[in-house]
Amino acid sequence: MDTSTIKNIQNSIGYEFKNPRLLEQAFVRKSYSQEHPETISNEVLEFYGDRALDLYITKAMCDKFSITTDDGQFSSDKNEDELTKIKAFNVNTDILSHCIRMFGFQSYLCLNESDKQNEVYNSPHVQEDLFEAIIGAVAIDSKWNFESIFNTCQTMLVLADFEMNYIAWLMDWCKENKFEIPKFEVELGSDKTKKKTEQFELYTYRDYYEDQENKQSKNWAKYEIRKCKLYIKEFDYSVESTINTLYAAEMDCAKKFYDIIQIRVRNLAVGRPDINKAVNQLNTLCQKGYIDDPEYTFIEEHDDNGNPIWKCNCDLYELDKVYYGESPIKKEAKKEAAFYALCAYLDYDPDELEDGFEDELNEED
């Protein structure tokens with residue numbers, strides 16, 4: 001690895017090595033070291049990098065999602081299950097390999113001739129190993145200086161608040177439904193190194209990533225993203241994201257489309273909210289795994305004449321909100337509370353539905 005390459009990599013990751021040999025070692029695959037006994041592979045660096053990355057992700061999640069309350073308790077915006085999914089998403093193979101391609105680092109790998117011919121530099125797992133090896137090299141070179149490790153991790157990997165790979169879901173969904181490969185439209189901001197602005201670039205997901213896997217791929221990490229738009233031809237519908245990192249912006253667009261599809265699927269599963277069927281409709285959503293069991297609580301009060309007034313609260317965990325119903329009849333209070341909860345979950349305006357219901361009654365009269 002020549003001096004200019006080492007300098008380029010160091011500038012890209014934001015860390016200058018005291019011992020550049022460690023950086024070179026991070027790019028040495030086992031196949032190469034077996035044919036060149038004077039070199040040592042990146043396997044051990046990869047092991048330590050994996051542990052350092054794990055610590056960075058955990059701390060970054062803690063900083064982003066948690067606070068200390070006024071009375072000294074620790075509180076988090078995410079529960080344990082959500083945190084587990086977010087952590088798994090941020091350290092999976094797709095994410096880490098994408099980060100390597102963003103910088104174009106796969107082109108610097110030291111491989112034997114067989115691996116070169118088989119183009120193993122395009123393997124997501126090989127790229128994931130390289131990511132971890134670079135972090136491991138920084139950890140060893142800095143003598144486990146956490147500020148240096150965390151700064152490098154943050155430069156190479158921006159923590160994303162996603163619980164699954166929505167791009168992978170989108171690709172599978174399009175194939176399953178025989179849709180065209182979706183298109184992303186990306187508006188690039190200035191080149192951070194050259195202070196240059198590029199125009200809109202339109203590409204398909206497939207073509208873009210095939211290009212990214214090419215050894216001469218563009219260093220997309222240099223660019224800020226002004227806007228990313230996802231267009232689904234069959235729906236003639238698009239969604240946008242203004243997240244300023246490419247993969248996160250793409251993922252955000254895919255998630256927005258995922259949310260739209262899930263709403264449609266949920267709506268088809270139970271139909272339009274009906275105040276007389278709302279309790280059963282919520283139960284159907286629960287049975288299909290869309291929501292947890294709704295929790296109902298009741299309070300019985302009485303008016304001035306001693307007549308009962310039932311108040312019901314319907315608590316939906318997914319919405320983190322309680323919905324209220326009131327009626328002289330306990331069962332009717334439950335229906336009303338369930339109806340408002342169902343409308344909120346399926347994104348309906350309850351007032352419009354109630355008006356429509358009253359119109360239907362008037363027409364019957």
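- Side chain of Glu46 to backbone of Leu130: no donor-acceptor contact under 3.5 angstrom is found.
- Ring pair Trp144/Tyr48 is perpendicular by interplanar angle, where above 60° counts as perpendicular and below 30° as parallel.
- In this structure, OG1 in Thr284 is found 10.5 Å from NZ in Lys277, a value given to the nearest 0.5 Å.
- Side chain of Glu234 to main chain of Glu180: a donor-acceptor pair is present (N/O by atom type, distance under 3.5 Å, no hydrogens or angles).
- Under a hydrophobic-cluster definition in which Ile, Leu, Val, Met, Phe, Trp and Tyr are linked whenever side-chain heavy atoms come within less than 4.5 Å, directly or via other members, Val28 and Ile135 are assigned to different clusters.
- One finds no salt bridge joining Lys64 and Asp77 here, because no Lys/Arg side-chain nitrogen approaches an Asp/Glu carboxylate oxygen to under 4.0 Å.
- Under the 3.5 Å distance criterion, with hydrogens and angles disregarded, no donor-acceptor pair is assigned to the side chains of Asp315 and Tyr323.
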**Request:** Please report the C-alpha distance between Asn118 and Leu111 in whole Å, then the side-chain angles of each, then the deciding distance to 0.1 Å, and finally whether the side chain to side chain contact (heavy atoms under 4.5 Å, CB included) criterion is met.
**Result:** CA-CA 10 Å; Asn118 292 323; Leu111 308 168; over 6 Å; no
**side chain to side chain contact (heavy atoms under 4.5 Å, CB included) between Gln34 and Asn112, worked out** = CA-CA 9 Å; Gln34 288 175 335; Asn112 67 7; 5.9 Å; no
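- Judged purely by atom type and a 3.5 angstrom limit, Asp54 has no side-chain atom pairing as donor or acceptor with the backbone of Asp50.
- Ring-plane geometry between Phe103 and Phe105 is classed as parallel, the angle between the planes falling under 30 degrees on a 0 to 90 degree scale with a further cut at 60.
- Residues Val322 and Thr297 form no side-chain contact, since every pair of their non-hydrogen atoms from C-beta on lies 4.5 Å or further apart.
- A distance of 10.5 Å separates CG in Leu230 from OH in Tyr237, rounded to the nearest 0.5 Å.
- Side chain of Gln10 to main chain of Phe17: a donor-acceptor pair is present (N/O by atom type, distance under 3.5 Å, no hydrogens or angles).
- No option in Asp141, Thr155, Asn145 other than Asp141 meets the side-chain hydrogen bond (donor to acceptor under 3.5 Å, both in side chains) test with Tyr15.
- Cluster annotation: Ile329 and Val279 are assigned to distinct hydrophobic clusters (Ile/Leu/Val/Met/Phe/Trp/Tyr, side-chain heavy-atom contacts under 4.5 Å, transitive).
- No donor-acceptor pair closer than 3.5 Å links the side chain of Asn177 to the backbone N or O of Phe179.
- Checking side-chain atoms of Glu326 against main-chain N and O of Ile309 turns up no donor-acceptor pair under 3.5 Å.
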**Message:** For Gln154 and Tyr56: C-alpha separation, side-chain torsions, deciding distance, then whether side chain to side chain contact (heavy atoms under 4.5 Å, CB included) applies.
**Reply:** CA-CA 8 Å; Gln154 192 171 37; Tyr56 160 72; 3.7 Å; yes
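- With hydrogens and angles left out, the side-chain atoms of Asp2 and Ser4 include a donor and acceptor closer than 3.5 Å.
- A salt bridge does not link Glu82 to Lys85: none of the charged side-chain nitrogens sits closer than 4.0 Å to a carboxylate oxygen.
- Rounding to the nearest 0.5 Å places OH of Tyr345 at 8.0 Å from OH of Tyr290.
- Under the 3.5 Å distance criterion, the side-chain polar atoms of Gln281 are matched with a main-chain donor or acceptor of Arg272.
- Both Tyr108 and Ile6 are part of a single hydrophobic cluster, where members link through side-chain heavy atoms under 4.5 Å apart.
- Transitive grouping of hydrophobic side chains (ILVMFWY, heavy atoms separated by less than 4.5 Å) keeps Ile40 and Met1 in distinct clusters.
- Put simply, the side chain of Ser97 gets close to the backbone of Asp94: a donor and an acceptor are under 3.5 Å apart.
- Looking only at distances, no side-chain donor or acceptor of Glu132 sits under 3.5 Å from a matching main-chain atom of Leu45.
- In this structure, CG on Asp115 lies 12.0 Å from NZ on Lys30, to the nearest 0.5 angstrom.
- The side-chain tip of Lys330 points at the ring of Phe298 from less than 6.0 angstrom away and within 45° of straight on.
- Linking Ile, Leu, Val, Met, Phe, Trp and Tyr whenever their side-chain heavy atoms come within less than 4.5 Å puts Phe146 and Val91 in one cluster.
- With Lys256 contributing its side chain and Glu240 its backbone, the two residues share a donor-acceptor pair below 3.5 Å.
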